[in-house]
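Encoded as structure tokens, the structure appears first; notes follow it.
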Amino acid sequence: MTETDLLTLAKQFLLDQALIVVVALLVLGVFLKKTPGVADWLIPWILTGAGIVLACGVLREVSVQATIQGILAAAVASLGHQLWKQTTEKRKEDEK
């Protein structure tokens, strides 16, 4: 999956208003990753909760649709981060 595929997927399922939530979650994820007291396994859960809250705020309603948009925004943010990380960082297995 390329960055173009990710953008197409995001535009297909996410509302335009929820795209800003993806950007906010990416920034939040970077800060959480650099925070010493936060375990790596906890970051996706925090991003999912924050995504739901932010999506409810952006869509100005607490609904099933807003919840789904928040979960999708967290998924796109996590997937985008992993695509970037796996593409740009050299791994020891690849160097052999």
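Keep in mind the model is a prediction, meaning the values are calculated, not measured.
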Quick one: do L26 and L19 end up in the same hydrophobic cluster if we chain Ile, Leu, Val, Met, Phe, Trp and Tyr together by side-chain heavy atoms under 4.5 Å apart? yes
Rounded to the nearest 0.5 Å, what separates atom CD1 in I43 from atom OG1 in T48? 11.5 Å
Flag yes if V22 and F13 sit in one hydrophobic cluster, no otherwise; membership is Ile, Leu, Val, Met, Phe, Trp, Tyr, and two members link when side-chain heavy atoms are under 4.5 Å apart. yes
Mind checking the CD-CG spacing from Q86 to L79? Nearest 0.5 Å is all I need. 11.0 Å
Smallest separation among heavy atoms of A66 and C56, with atom names: CB-SG, 3.8 Å
Linking Ile, Leu, Val, Met, Phe, Trp and Tyr by side-chain heavy atoms under 4.5 Å, what else ends up with I52? I71
Interatomic distance, I46 atom CD1 to F31 atom CZ [nearest 0.5 angstrom]: 14.5 Å
Taking only residues two or more places apart in sequence, or in another chain, which ones meet A24 in a side-chain contact (heavy atoms from CB on, under 4.5 Å)? L54
Which pair of heavy atoms, one from L25 and one from A73, lies closest together, and at what distance? CD1-C, 3.8 Å
Mind checking whether V38 and L28 sit in one hydrophobic cluster, side chains of I, L, V, M, F, W, Y counted as touching below 4.5 Å? yes
Do L47 and L32 have side chains that get closer than 4.5 Å, going by heavy atoms? yes
List the residues meeting side-chain contact (heavy atoms from CB on, under 4.5 Å) with Q65, not counting sequence neighbours, and say none if there are none. L15, E61, S63, Q69
So how far is it from L72 CG to T67 OG1, rounded to the nearest 0.5 Å? 11.0 Å
Looking only at heavy atoms, what is the nearest atom pair of L83 and T87, with distance? O-OG1, 2.6 Å
Do you know the tightest heavy-atom contact between W45 and W41? CD1-O, 3.4 Å
side-chain contact (heavy atoms from CB on, under 4.5 Å) evaluation trace for K33 with D40: CA-CA 7 Å; K33 184 70 176 169; D40 287 345; 3.0 Å; yes
